[in-house]
Amino acid sequence: MAQEDLFKKIIAHSKEYGFVFQSSEIYDGLSAVYDYGQYGTELKNNIKKYWWDSMVKLHENIVGIDSAIFMHPTVWKASGHVGAFSDPLIDNKDSKKRYRADVLIEDYMAKIEAKIQKEVDKAAKKFGDSFDEEQFKSTNIRVLANREKLSEIKKRFVTALEKDDLAEVKKQIEDLGIACPISGSKNWTDVRQFDLMFETQLGSVSEDASNIYLRPETAQGIFVNYLNVQKTGRMKIPFGIAQIGKAFRNEIVARQFIFRMREFEQMEMQFFVRPGEEMKWFEAWKETRMKWHKALGFDEKKFRFHDHDKLAHYANAATDIEFEFPFGFKELEGIHSRTDYDLSQHQEYSGKKIQYFDPELNKNYVPYVVETSVGLDRTFLMILSNSYTEEKIEQENGKVDERVVLKIPASLAPVKLAVLPLVRKDGLPEKAKEILNTVKYDFNCIYEEKDSIGKRYRRQDAIGTPFCITIDHETIESNTVTIRDRDTMQQERIAVEKIHEILTNKTSFKDVFSKIN
RNA sequence: GCGGGAGUAGCUCAGCUGAUAGAGCAUCAGCCUUCCAAGCUGAGGGCCGCGGGUUUGAAUCCCGUCUCCCGCUCCA
């Protein structure tokens, strides 16, 4: 099957079986916002549990918090999000390429600088050892003219940006005669500002209110609580703080289903380490996190690392764990060595000392941070992509049958067990409900008596239920049921009192965790 | 935002040389009772994405608009 078709089918299946709906669908939907349905929510909760337990339960030195989405506005100044998170963009109408307006102007300025340098080089060659570069630059007519030009361009551009005058920015690009490097044309659209942070007001009177933001990442909630957690939890470095929560980004183009949404959920852990040891921990967490993904039992070839060449301003090492989605290898998780950038920034902006006293070294320092940050929605899509299977089944009578089955790992499956009476009479429904009552408190179950047994099995396959038990006439006589495995379709007759134990063994995270530890 | 494609029942789609809105599957009720979908009877369900225009008459033609998919672009 073509990958594009596969992706379409996954999206359609998600909707048809109650996993993911478009937000506000009856009002034509809201772009790049999605709701999780009845089974999607169960799956999502199970993914969260898998992640949370793997962090907090399996590591004595990791604790979890849940910080608010609203934060003091200065947090985003300290983190560098205010300012850096909004770009003036412009499109060339002929080449259809989009550029950052500031980059276009900077490139133009770089060309002028290159011209100046050329003059300097020429003169240096001419005058030899006696050449005084500073003197030349401040006296040569051509250089002076160009330097004057540079400062004018810069002044005009900075003024325009400060005033938020985007029309002026466009006019400057036109006045400078900047052409698109691809098409060579000067046919530009208007400059538009894209603010990646959502803004709102705190307080009822908007004039007096301070502008606050919906957090564009959850990490800052951990950093600002570093001291609280370290002190109240008596945490000793190295230690980690984990969090699952929503973040919001006003993406210019948000697409590919739940891969890139404006409102999304992150599962992240900030690990605080001694300065100088961050690379060791960075490597360790790379391995641990990759194991976490692979422990689910999917094709290992679909996962890979992608190391960053260009690093963000706060990082000294960064890698992505990528997964081969139907639309290609894309980032699933980021692992970053964030140095002491964030804590130092908060120390500076808040004026509070954010340090750790290390008794072994007998000194204070700002800890370094290694971050693991995985997209919950992307993990959800990864699991769906891996699980969605179309099978052809050769029947005994030679007929070829098809089924769609979600091979979701049993520990993550939204529904663990379907309880099905073979027929709707002879006391089988009553017996089935009796059995249901013994397991429904510990496992998410479905009871169904409508339609033929085969049809009911298929319905469970479509939502990924790993086990079905069928109550037949023999159940009444011997207190046994058949249990059907979703993936093999094999059935086995077992005693009713064994059901709970079997489900416990097969649906717990124990097996998966044993592959990580 | 630009280009291409698409929006008709819960799903997949037909109808698109203007004239009463269709099929299969699904859903619901009943029958049948059968361990791997598609047995029988009946029922519900649609302002043909939304708004405007042309026309005696628009799902169909025209304009606008919204949403989705693909590509470009962006991505902490």
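Throughout, protein chains are lettered first and strands after them, A, B, ... in sequence-line order, and every chain is numbered starting at 1.
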Quiz prompt | Side chains of I212(A) and E199(A) in contact at under 4.5 Å (non-hydrogen atoms) | solution = no
Self-check item: Sub-4.5 Å side-chain heavy-atom contact between M269(A) and W285(A)
Solution: yes
Quiz item: Is R260(A) side chain donor-acceptor paired with the C75(B) base, going by distance under 3.5 Å alone?
Solution: yes
Exercise. Counting Watson-Crick and G-U wobble pairs only, both distances under 3.5 Å, name the nucleotide matched with C16(B), or none.
Key: none
Quiz item: Taking OP1 and OP2 of C11(B), is either one under 4.0 Å from a side-chain nitrogen or oxygen of K15(A)?
Solution: yes
Practice problem: Would you kindly compare I453(A) and S79(A) by the position of their nearest RNA chain B nucleotide and give the one closer to the 5′ end? | Solution: I453(A)
Practice problem: For R378(A) and for V33(A), find the nucleotide of RNA chain B with the closest heavy atom, then tell me which residue's nucleotide is more 5'. | Solution: V33(A)
Please tabulate, one pair per line, each protein N/O and nucleotide N/O from nucleotides 31-33 of chain B that are separated by under 3.5 Å, including the distance.
none

Quiz item: Is there a donor on the side chain of R484(A) or the base of C36(B) sitting less than 3.5 Å from an acceptor on the other?
Solution: yes
Quiz item: When the distance from CG of D451(A) to P of C35(B) is rounded to whole Å, what number comes out?
Solution: 15 Å
Quiz item: Going through the checks in order, is the side-chain hydrogen bond (donor to acceptor under 3.5 Å, both in side chains) test met by Y457(A) and T470(A)?
Solution: CA-CA 10 Å; Y457(A) 285 152; T470(A) 302; 2.6 Å; yes
Quiz item: Can you tell which of A26(B), C68(B), C70(B) lies closest to the side chain of Y34(A)?
Solution: C68(B)
Exercise. Look at the aromatic rings of F272(A) and Y226(A) and report parallel, tilted or perpendicular, splitting at 30° and 60°.
Key: tilted
Practice problem: Measure from CG on L428(A) to P on C35(B) and round the result to the nearest Å. | Solution: 12 Å
Practice problem: Can you label the angle between the W281(A) ring and the F271(A) ring as parallel, tilted or perpendicular, going by 30° and 60°? | Solution: tilted
Exercise. Using both distances under 3.5 Å as the test, list the Watson-Crick or G-U wobble partner of U33(B), or none.
Key: none
Quiz item: Quick one: which of U12(B), A76(B), A38(B) gets closest to the side chain of H81(A)?
Solution: A76(B)
Quiz item: With distance as the sole criterion, is a donor-acceptor pair present between the side chains of Q347(A) and Q345(A) under 3.5 Å?
Solution: no
Quiz item: Is any side-chain N or O of Q22(A) closer than 4.0 Å to OP1 or OP2 of C68(B)?
Solution: yes
Quiz item: With both distances under 3.5 Å as the test, what is the Watson-Crick or G-U wobble partner of U54(B)?
Solution: none
Self-check item: Plane angle bin for F223(A) and H346(A) - parallel if under 30°, tilted between 30 and 60°, otherwise perpendicular
Solution: tilted
Quiz item: Counting only Watson-Crick or G-U wobble pairs whose two distances fall under 3.5 Å, which nucleotide matches U67(B)?
Solution: A6(B)
